Amino acid sequence: MSIDGKGTPPVLEVDGVSVSFGSRNILHNVSFELRAGEFTGLIGSNGVGKTTLLRVILGLQPISTGSVRVLGAPLSKRSRALGYVPQKVLLDPDVPMRARDLVALGLDAHKFGFSRRSATEREKVEEILVAVDAESFADARIGSLSGGEQQRVLIAHALISSPKLLLLDEPLANLDPGSVQEVVALLHRVAKDHGVSILLSAHEMNALLPVMDRIVYVSNGRVASGTTDEVVRSDVLSELYGHHVDVIQLHGRIFVVAEPGTSAEDVPEHPRYQVD
Amino acid sequence: MFTGFMVNAWQVGTIVAVVAGVVGFFVVLRGAAFPAHAIPNGAFAGAAGANLIGLNPLLGLGVFSALAALGIGGLGKRGRPDVATALALVLMLALGAAFLSQSTQYEPEIYSLLFGEILGVSSTQILPTLLLGLASVLAIAVLYRRLLLTSLLPDVAASKGVDPYRVDVMFLLVVGLATTMTVPVVGALLIFSLMIGPPAAARTLTSRPGAALWLSVSFSLLTIWIAIAASYQTNWPVGFYVGVISAAWYLAARTYVRTQSFLVLRRRVI
Ligand SMILES: Nc1ncnc2c1ncn2[C@@H]1O[C@H](COP(=O)(O)OP(=O)(O)O)[C@@H](O)[C@H]1O
Ligand SMILES: [Mg+2]
């Protein structure tokens, strides 16, 4: 286990992880670390294995080689330290639950039995709802909320058990641009206020540039990790993609552009068509 | 109406209604209406089989309910749950048909297993019904939060060490348990309607889980009570009334919610 400057183990150590589905190798020998309090973007185009990697960290996906440690601890002991907001959540519109009920369920859903919420628990739910700006729809039926509102409720649900690391799978997909900015700002604030490290997957990195401390860039089953400046460079990404790509900065936005003639499939979000 | 054999009917009916209201709440929440239909029908085959070889039908009901629950849960893990349920249902019905064809004393017993014979409940049935009912409700209380979380966010549950498949199989076993106790009373076909109509109506009326659960039990109780009284007066089968009243709750609740939102809209427009 490696130790950072303050003598505490990294929040997350992914070491030599490989995953295959049948004969398809989705991830080979992936290694990276996350340090406490950092906001990390897990960036890669659709189908590169971001969800798979997050599921590996959560212990939901078996791996063929390697190891994952959270706060220095192996799988069985890390579940309480992790919060998770999955990629696609389909909530039945008729589910008899308010936003606050779903958040409260994050407190103790692993426990057996049935009890009334104590006053302290209700206060905690209220605090978290305020922290994610969800108090105005706290009593609404969860199925009736918009995508952005549901996203905030799910974030609150994940945060209420005081995780050290919050994993979010494409929380920005399917949000309108205004909500994307709101959710990013909210996550940034919450991470600082609650001392939570964040690992957030996205197929488009530009919305995250202002808040991202580090980036884990996935392509071809491998990753490159470091600060944005270290990773999002033509030489590093060309090596990762296995063919030449240019990194173009324009008005504070970054575009990864494949050479003409190369398949654009493995370049995130076809950025060469992107015009702002 | 409140004396003699009718006392048994009221008591057993009340127990059945509470169990159906509680278990049915999660049947609807988990989208498990199809398994909740398949398990009682499978159980019916079990009762027919037990009859054939001279065993207590309750034993056949229990064994076949459990087999159906395990089969649906186990097969559903690998493939599509609806296909698994359908296959379990078809297999059970085929067995039921085979058992019936061999049976000599056919009609009244079979009829009552399908449609219930609540007015003919004997006092010896009360204690077993009460015990099985308590076990079902207790199991639901113990699993309460897990049932909620795995229905809404299965991956999140799994990441906290709550295996959604295991919870699903346990829940189906509870449905099987509830079925075992209720089939002799309201029949295989109608326990299903009692498990769906009242909870479905309840959840459209409130967005609070606890309140929806209580409403579900209340509607279920009213359904059974009205059905028993009406059946006593008219001599029509209890099952008929249970089915009709259960569906009526749902339609009434939907209509109520529709009208409410229509009135709100109109008030805003004016
Ligand atoms: N359970 C599975 N069985 C087989 N293939 C899978 C499974 N889960 C994911 N895959 C494949 O693995 C690849 C990576 O998937 P995923 O991790 O979901 O990518 P991303 O989240 O980056 O879009 C995809 O090609 C997908 O089809
Ligand atoms: Mg994904």
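Convention: sequence-line order gives letters A, B, ...; per-chain numbering from 1. Just so we're clear, the structure is a prediction, and the values are computed from it rather than from any experiment.
Contact between Leu153(B) and Leu154(A) at its shortest, heavy atoms only, is CD2-CD2, 3.7 Å.
Contacts between Ala158(B) and chain A at a heavy-atom distance below 4.5 Å involve backbone atoms as well as side-chain atoms. No part of Leu167(A) comes within reach of chain B, as not one of its non-hydrogen atoms sits under 4.5 angstrom from that chain. Neither the backbone nor the side chain of Ser144(A) comes within less than 4.5 Å of any heavy atom of chain B.
We find that Asp139(A) and Arg208(B) are not joined by a salt bridge, their nearest charged nitrogen and carboxylate oxygen being 4.0 Å or further apart. Electrostatic pairing of Arg30(B) and Asp92(A) does not count as a salt bridge here, judged by no charged N lying under 4.0 Å from a carboxylate O.
Using a 4.5 Å heavy-atom cutoff, the side chains of Gln87(A) and Asp155(B) are not in contact. Using a 4.5 Å heavy-atom threshold, the side chains of Leu82(A) and Lys160(B) count as separate.
The environment of CH2 in Trp10(B) is crowded: more than 12 heavy-atom neighbours from other residues, nucleotides or ligands sit within 6.0 Å. More than 12 heavy atoms of other residues, nucleotides or ligands sit less than 6.0 Å from atom CZ of Arg189(A).
Checking each of Leu90(A), Val89(A), Val95(A) against Leu152(B) for a side-chain contact (heavy atoms from CB on, under 4.5 Å) leaves exactly one that passes, namely Val95(A).
Annotation: the span from Leu148(B) atom CG to Asp101(A) atom CG amounts to 9.0 Å, rounded to 0.5 Å. Taken to the nearest 0.5 Å, the OG atom of Ser207(B) stands 10.5 Å off from the CZ atom of Arg100(A).
Ranked by heavy-atom pairs under 4.5 Å with chain A, the first of Val28(B), Leu29(B), Thr206(B) is Thr206(B). Counting heavy-atom pairs under 4.5 Å between each of Leu213(B), Val156(B), Leu143(B) and chain A puts Val156(B) at the top.
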